[in-house]
Amino acid sequence: MPDINFYYLEEATLSNLKRIFMSSDFPFVRLSKFLDIESVDYSPELKDDENIGYFKRKKGSAILEDFWKSTKFTDFLRNVTGLDSQFSSAHHLSYSAGDYSLLHMDESEPKRLAVVYDFTKQWRLEWGGYDIYTSPDKEPLICNRDYGSLMIVKLDKGDLSCTRYVSLKSKNDAVIDFSTYLLD
């Protein structure tokens with residue numbers, strides 16, 4: 001199991017992250033170099049999850065599934081967000097050139113924390129593949145690819161998320177672990 005960057009476990013840092021998370025219009029934090037990722041065995045078993053005309057991707061078990069379920073991580077989530085959450089699901093996703101996600105795919109989801117860990121190496125902005133979070137009464141939150149970063153976003157019922165269009169010119173895949181934690 002990988003180790004969380006020691007900086008993110010310091011009391012002062014946790015307090016500051018919680019303040020940032022709670023003060024945002026769209027509650028989120030993004031943490032670069034979150035894990036000692038070099039210690040992770042990255043050899044996912046992925047299956048095609050394709051719907052012609054809408055998306056082109058592969059899906060499998062989360063690379064870090066045991067970590068996402070661990071008390072170590074769920075305690076960290078509670079310290080950063082101030083919220084009690086319960087692990088719901090985790091998947092590893094690989095978005096290929098030409099992928100086109102639709103925001104309405106998670107319309108019926110309840111209040112939750114979306115946690116995204118980015119395994120994408122050597123990404124270029126012109127390839128797209130942004131993570132997008134939207135809410136009916138807020139400006140959208142749009143995030144670029146950042147290898148080794150962890151994104152935590154609070155989504156209410158009716159809020160949507162997706163990894164948006166990956167350009168046909170993309171030479172690499174956008175690859176992430178996506179975990180969901182339900183909120184009371």
Side-chain angles (χ1 to χ4, degrees), residues 1-5 7-8 26 28-70 73 76-77 80 87-107 109 112-134 139-155 159-181:
M1 193 172 304
D3 290 323
I4 297 174
N5 183 327
Y7 172 75
Y8 294 123
F26 217 130
F28 82 98
V29 290
R30 185 173 185 173
L31 311 174
S32 294
K33 299 179 183 173
F34 180 70
L35 295 173
D36 171 22
I37 196 61
E38 300 309 319
S39 68
V40 173
D41 178 25
Y42 184 83
S43 53
E45 288 186 32
L46 300 173
K47 295 181 181 175
D48 286 335
D49 184 20
E50 193 167 330
N51 182 354
I52 304 302
Y54 293 104
F55 55 85
K56 183 176 182 178
R57 67 188 66 140
K58 294 183 179 186
K59 184 177 183 179
S61 298
I63 301 297
L64 300 172
E65 186 159 355
D66 291 339
F67 179 74
W68 304 133
K69 292 178 179 179
S70 73
F73 185 70
F76 175 81
L77 268 182
V80 168
F87 176 84
S88 176
S89 65
H91 303 285
H92 187 71
L93 299 165
S94 176
Y95 300 90
S96 301
D99 178 86
Y100 194 84
S101 299
L102 299 175
L103 276 169
H104 71 265
M105 291 174 69
D106 62 358
E107 269 181 334
E109 294 293 317
R112 65 212 179 273
L113 290 175
V115 175
V116 176
Y117 187 79
D118 202 329
F119 284 96
T120 308
K121 291 184 178 180
Q122 301 174 353
W123 194 255
R124 297 175 64 163
L125 289 177
E126 62 265 24
W127 294 345
Y130 305 108
D131 294 333
I132 299 176
Y133 307 91
T134 65
E139 289 294 316
L141 176 61
I142 302 171
C143 306
N144 298 328
R145 305 261 55 93
D146 180 23
Y147 175 71
S149 70
L150 180 80
M151 183 74 167
I152 303 168
V153 182
K154 180 180 179 258
L155 299 168
D159 291 350
L160 308 173
S161 68
C162 76
T163 297
R164 200 61 165 177
Y165 180 71
V166 178
S167 170
L168 290 171
K169 295 179 182 180
S170 172
K171 304 288 186 225
N172 295 324
D173 291 349
V175 288
I176 61 173
D177 264 9
F178 187 96
S179 303
T180 305
Y181 298 80

Taken to the nearest 0.5 Å, the spacing of S179 OG from R112 CZ works out to 13.5 Å
Value for OH (Y8) from NZ (K33), rounded to nearest 0.5 Å, stands at 9.0 Å
Just to verify, which of L150, I4, N5, D3 counts as forming a side chain to side chain contact (heavy atoms under 4.5 Å, CB included) with L35? I4
Residues two or more places apart in sequence or in another chain: which of them pass salt bridge (charged side-chain N to carboxylate O under 4.0 Å, His left out) with D36? none
Anything under 30° is parallel, anything over 60° is perpendicular, the rest tilted; go ahead and classify F119 against H92. perpendicular
W68 vs Y117 aromatic rings, parallel, tilted or perpendicular, using cut-offs 30° and 60°? tilted
With sequence neighbours left out, which residue pairs that include part of residues 117-130 fulfil the salt bridge (charged side-chain N to carboxylate O under 4.0 Å, His left out) condition? D118-R145, R124-E126
For Y147 and I37, run side chain to side chain contact (heavy atoms under 4.5 Å, CB included): C-alpha distance rounded to whole Å, both residues' side-chain angles, the deciding distance at 0.1 Å, then the answer. CA-CA 10 Å; Y147 175 71; I37 196 61; 3.3 Å; yes
Does the ring centre of F34 sit less than 6.0 Å away from the ring centre of F76? yes
Donor + acceptor pair across side chains of D146, S32 (<3.5 Å): yes
More than 12 non-hydrogen atoms from neighbouring residues, nucleotides or ligands closer than 6.0 Å to OH on Y7, yes or no? no
Who pairs with Y95 by ring-ring contact (aromatic ring centres under 6.0 Å, His included), at least two apart in sequence or on another chain? none
